Engineer: 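To start, I am sharing the structure in question, which I have written as structure tokens.
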Amino acid sequence: MLFDLDGVLVDTAKYHFLAWREIAKELKIPFDEKDNERLKGVSRMRSFEIILEIGNRLMSEEEKEFYCAKKNERYLSYIKEMPSSEVLPGVREFLTDAHAAGYGIALGSASKNSRLILERLELTGYFDAIIDGTKVEKAKPDPEVFLKGAQELGLPPEECIVFEDSQAGLQAAHAGKMFCVGIGTPQRLPEADLCMPGFAGVTMQQIEKALLSHSRTL
Ligand code: B16
Ligand code: MG
């Protein structure tokens with residue numbers, strides 16, 4: 001069982017947005033919440049390149065690195081203040097349930113700050129493997145992050161379930177031949193095998209039943 005982080009276990013997107021907005025403001029590039037949607041599931045550098053595209057600006061690699069580091073400093077200042085209560089509704093219960101049912105649990109996230117975030121949320125203990133932006137060379141939609149997770153869990157990809165909120169992540173799961181549960185609506189995530197709004201009130205039995213019946217929503 002593989003979990004994305006941002007948008008699945010916790011809503012860190014709002015902190016990414018605040019930090020990127022400060023950088024965009026400094027560079028006098030217009031950037032709103034709608035633009036922020038394009039950054040979900042995307043690496044830090046690629047996120048900045050999208051912002052530069054919005055502003056029609058070009059920068060050297062050195063300058064890009066400088067602003068990415070600055071953004072991360074701002075982002076971390078928010079994350080360090082984040083209470084463990086920010087874990088999304090039902091997540092802790094679902095992970096407890098999955099763990100008790102004997103499922104291997106891995107993280108598959110683009111974020112290089114994953115370990116710190118799991119610590120802040122007091123979720124680290126649930127994970128048998130953590131694959132994040134520090135461990136992969138290719139970003140989602142490449143399946144590398146999930147394939148490495150499956151490998152660390154000792155499972156063939158066909159036996160894995162991925163929980164994801166981004167298009168790129170769902171494409172990565174499919175490219176890896178995994179069953180994927182989209183966190184969101186079927187309209188926003190047409191590629192998901194199954195969609196649910198979140199983990200609140202969701203049990204392992206419901207997921208297993210949906211898997212067997214090929215139902216597209218819970
Ligand atoms: P960092 P996920 C992704 O996390 C975020 O959705 C994306 O907005 C962010 O740019 C990316 O992590 C990199 O994060 O700057 O912390 O390395 O959805 O893959 O868990
Ligand atoms: Mg995500």
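Small disclaimer: the values here were computed from a predicted structure and weren't measured. Just follow the structure's listing: the first ligand is 1, and inside any ligand the first atom is 1.
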Engineer: Salt bridge between Lys148 and Glu144, side-chain N to carboxylate O under 4.0 Å?
Structural biologist: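 Judged by the 4.0 Å cut-off on N to carboxylate O distance, Lys148 and Glu144 do form a salt bridge.
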Engineer: Starting from atom 3 (C) of ligand 1, which protein heavy atom do you reach first, and at what distance in Å?
Structural biologist: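 Here the nearest protein heavy atom works out to Ala110 CB, 4.0 Å.
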Engineer: Heavy atoms only, cut-off 4.0 Å: how does Val8 contact ligand 1, side chain, backbone, both, or neither?
Structural biologist: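 Contact part for Val8 vs ligand 1: neither.
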Engineer: Counting the benzene-type ring for Trp, do Phe3 and Phe163 have ring centres under 6.0 Å apart?
Structural biologist: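 Between Phe3 and Phe163, the centre distance is under 6.0 Å.
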Engineer: Hey, is ligand 1 close enough to Gly41 that some N/O pair sits below 3.5 Å?
Structural biologist: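 Yes, at least one N or O pair falls under 3.5 Å.
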Engineer: Among the heavy atoms of Gly133, does any lie under 4.0 Å from an atom of ligand 1?
Structural biologist: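 Flag not set, Gly133 not near ligand 1.
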Engineer: With no hydrogens and no angle check, is any side-chain donor or acceptor of Asp6 less than 3.5 Å from a backbone partner on Ala13?
Structural biologist: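 Answer holds: yes.
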Engineer: Asp4 versus ligand 1: do any nitrogen or oxygen atoms come within less than 3.5 Å of each other?
Structural biologist: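 Such a contact does occur with ligand 1.
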Engineer: Taking 4.0 Å as the limit for heavy-atom contacts, which would you say applies to Leu39 with ligand 1: side chain only, backbone only, both, or neither?
Structural biologist: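 Under 4.0 Å from ligand 1, Leu39 contributes backbone atoms alone.
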Engineer: Identify whether the distance between the nearest side-chain nitrogen and carboxylate oxygen of Glu61 and Lys64 falls below 4.0 Å.
Structural biologist: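 Yes, this pair counts.
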Engineer: So, does Lys140 sit close enough to ligand 1 that a heavy atom of it is under 4.0 Å from the ligand?
Structural biologist: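 Contact check Lys140 vs ligand 1: positive.
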Engineer: I need the protein N, O or S atoms closer than 2.8 Å to the Mg ion (ligand 2), given as residue plus atom name.
Structural biologist: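 Metal shell, protein only: Asp4 OD2, Asp6 O, Asp165 OD1.
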Engineer: What do you reckon, does Tyr75 have a nitrogen or oxygen under 3.5 Å from a nitrogen or oxygen of ligand 1?
Structural biologist: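 Between Tyr75 and ligand 1 (N or O atoms, distance only) the closest approach is not under 3.5 Å.
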Engineer: Keeping Gln167 on the side-chain end and Arg188 on the backbone end, is there a donor-acceptor pair under 3.5 Å?
Structural biologist: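 Yes, the answer is positive, given that a donor and an acceptor are paired below the 3.5 Å cut-off.
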Engineer: Do the side chains of Asp4 and Lys140 get close enough for a salt bridge, i.e. N-O under 4.0 angstrom?
Structural biologist: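 Lys140 and Asp4: salt-bridged.
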Engineer: Find all atoms of ligand 1 within a distance of less than 4.0 Å from any non-hydrogen atom belonging to Lys112, and give their numbers and elements.
Structural biologist: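 Answer, ordered by atom number: 1 (P), 16 (O), 17 (O).
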Engineer: Just heavy atoms, cut-off under 4.0 Å: does Lys40 contact ligand 1 by side chain, backbone, both, or neither?
Structural biologist: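 It is the backbone that gets close, since no side chain atom is under 4.0 Å.
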Engineer: When you measure from the side chain of Lys138 to the backbone of Val145, do you find a donor-acceptor pair of N or O atoms at a distance under 3.5 Å?
Structural biologist: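 Flag not set: sc Lys138 to bb Val145 has no pair under 3.5 Å.
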Engineer: Among side-chain atoms of Tyr75 and Glu22, is any donor-acceptor pair under 3.5 angstrom?
Structural biologist: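 Absent: no donor and acceptor within the cut-off.
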Engineer: Salt-bridge test for Lys14 and Glu33: reply yes if a basic N is under 4.0 Å from a carboxylate O, no otherwise.
Structural biologist: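 Not counted as a salt bridge, because no side-chain N and carboxylate O are separated by less than 4.0 Å.
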Engineer: Is there a donor in the side chain of Asn72 and an acceptor in the side chain of Asn113, or the other way round, less than 3.5 Å apart?
Structural biologist: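 Yes.
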Engineer: Tell me whether Asp6 has any N or O atom under 3.5 angstrom from an N or O of ligand 1.
Structural biologist: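 Asp6 vs ligand 1: N/O contact under 3.5 Å present.
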Engineer: Please determine if Ser111 has a nitrogen or oxygen closer than 3.5 Å to a nitrogen or oxygen of ligand 1.
Structural biologist: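 Right, the criterion is met.
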